[in-house]
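Note that the structure is predicted; figures quoted are calculated from it, not measured.
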Amino acid sequence: MAAFFQQVFALLNTDAGNLTYHLVLAFSIAGALQAAYIFWRSSLSPRGQRMVFGLGLLLAVQLVLYVSSGLAWQGLLDATVILPLVDRAVGLVSLIIVIWLWIFPERNGGTADVASLILGILTVVLLTVGVLWWAGQSNGATFNGSIPDTIAEMYAIVLAGFGLMFLLIRRPLQWGAGVAMLALILAGHSAQLLLPVDEGSIPVAVHLALMAAYPILLFLPQRFPLWVATPLEQPQPATSQPFAPASLPVDRLVSILRLAEDGDDDLQCRSIVQLVAGAMNAEVCLLVSAPDSQGIMAVRCGFDLIR
């Protein structure tokens, strides 16, 4: 088994292995982005818009690393000074985006968005400082095991650890897939920190973990029920015929029954009024709580079928 991993690490240290790493990550992100775009265009949901934005940004960040690797391969970029730091910075920014995508599918006041933006800017600043420092200290030395590499791996471990903690606390839909992805990323960075490969500047343990983790992004657009992505039928113009409520399809009835399994009360409420409004052809549907001891009733949520 040890010999097998040694061969894998040796392969990832080559140009062919590095190209394979870039292709696996790029195709995984592109596949998830396509599914997220279809979901967004079908449902016009803010969740879909956030997924498209996050995955598009994630793909753009990976393209920066791919272009940098191509420039280094052509000799236009110093592969021993700039490229290793760009690789670590892209990995850290990508990790921030991945955590944001899994934990915060909705805006929630914008606090998480601002915090993620600040972390991203901080990472870019650290990259700039690291390039300036490493340029005067490297003297042809390999980047693996160096001080900037150690700082980058510790930073990634802290990010992945906090991401796992918040994911377990919030438990959004399909949170198990997010836990698996972040756990793989955490394992890769931990292996790179504890068992660094001294030869070269490529974090082979991290790259191997990312190649196993990024295909899990394909589950991201599937975290919301498919019936949410189905656009509601446009209301028909008023006619002189008497009103007859539409029959409730079996698949929508099953969807209503499955709501009891979801712990998100807000999603349950909004889903119920949307389904009932579509099934009954009602222009407006409200979900009202039963009267309390003082006879007060509260409107939990509502849905406007026409809008």
Side-chain angles (χ1 to χ4, degrees), residues 18 21-22 25-26 28-30 32-33 50-74 76-104 107 110-138 141-164 166 181-182 185-186 188-190 192-193 196 201-203 205-207 209-210 213-214 217:
N18 199 30
Y21 162 74
H22 289 300
L25 265 61
S28 299
I29 300 172
L33 178 59
R50 287 173 68 85
M51 278 194 295
V52 170
F53 173 77
L55 291 170
L57 185 60
L58 189 61
L59 184 59
V61 171
Q62 292 299 323
L63 288 177
V64 170
L65 179 58
Y66 181 77
V67 172
S68 301
S69 300
L71 293 176
W73 183 61
Q74 294 293 330
L76 302 176
L77 196 66
D78 194 339
T80 61
V81 176
I82 299 180
L83 186 59
L85 283 163
V86 172
D87 183 279
R88 270 60 171 191
V90 167
L92 290 171
V93 173
S94 300
L95 178 57
I96 295 171
I97 297 173
V98 167
I99 293 173
W100 178 79
L101 283 170
W102 279 110
I103 302 179
F104 304 103
R107 184 173 177 83
T111 304
D113 300 348
V114 174
S116 301
L117 179 61
I118 293 175
L119 285 175
I121 295 175
L122 176 63
T123 303
V124 175
V125 172
L126 291 176
L127 166 65
T128 305
V129 175
V131 169
L132 295 176
W133 184 86
W134 183 247
Q137 300 290 330
S138 61
T142 58
F143 191 80
N144 286 344
S146 63
I147 295 178
D149 178 52
T150 302
I151 294 175
E153 298 307 326
M154 293 177 63
Y155 185 22
I157 290 173
V158 171
L159 285 176
F162 274 101
L164 278 172
F166 280 109
M181 184 174 184
L182 291 180
I185 296 176
L186 177 62
H189 286 287
S190 300
Q192 179 68 22
L193 179 64
S201 300
I202 298 177
V206 175
H207 283 194
L210 293 180
Y214 265 64
L217 281 175

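By the side chain to side chain contact (heavy atoms under 4.5 Å, CB included) test, I97 is found to be paired with L57, L58, V61, V93, L101, residues two or more places apart in sequence or in another chain being considered. A search for side chain to side chain contact (heavy atoms under 4.5 Å, CB included) contacts involving I147 returns W133, I151, not counting sequence neighbours. Taking T123 as the reference, Y155 meet the side chain to side chain donor-acceptor pair (under 3.5 Å) condition, with sequence neighbours excluded. F104 is linked by a ring pair (Phe, Tyr, Trp, His ring centres under 6.0 Å) to nothing, counting only residues two or more places apart in sequence or in another chain. In this structure S116 satisfies the side chain to side chain donor-acceptor pair (under 3.5 Å) test with no other residue, sequence neighbours excluded.
Once rounded to the nearest 0.5 Å, the distance linking CG of L119 with CD1 of I99 reads 8.5 Å. Taken from CG in L193 to CG in D149, the straight-line distance is 8.0 Å, to the nearest 0.5 Å. Distance check, rounded to the nearest 0.5 Å: CG of L25 to CG of L63 gives 11.0 Å. For the atom pair CZ (R88) and CG (L92), the distance works out to 9.5 Å, reported to the nearest 0.5 Å. Here the straight-line distance linking atom CE of M181 with atom CG of L164 works out to 11.5 Å at 0.5 Å rounding. Rounding to the nearest 0.5 angstrom, the gap separating the CG atom in L210 from the OG atom in S28 is 10.5 Å.
What you find for I185 and A213 is that their closest heavy atoms are CG1-CB, 3.9 Å. Considering every non-hydrogen atom in both V206 and G188, the closest pair reads CG2-O, 3.7 Å.
Contact check for D87 versus H207: side-chain heavy atoms found under the 4.5 Å cut-off. Side chains of L95 and L182 form a contact here, defined as non-hydrogen atoms less than 4.5 Å apart.
Under the salt bridge (Lys or Arg N to Asp or Glu O under 4.0 Å) criterion, the residue pairs touching residues 111-130 are R50-D113, R107-D113, with sequence neighbours excluded.
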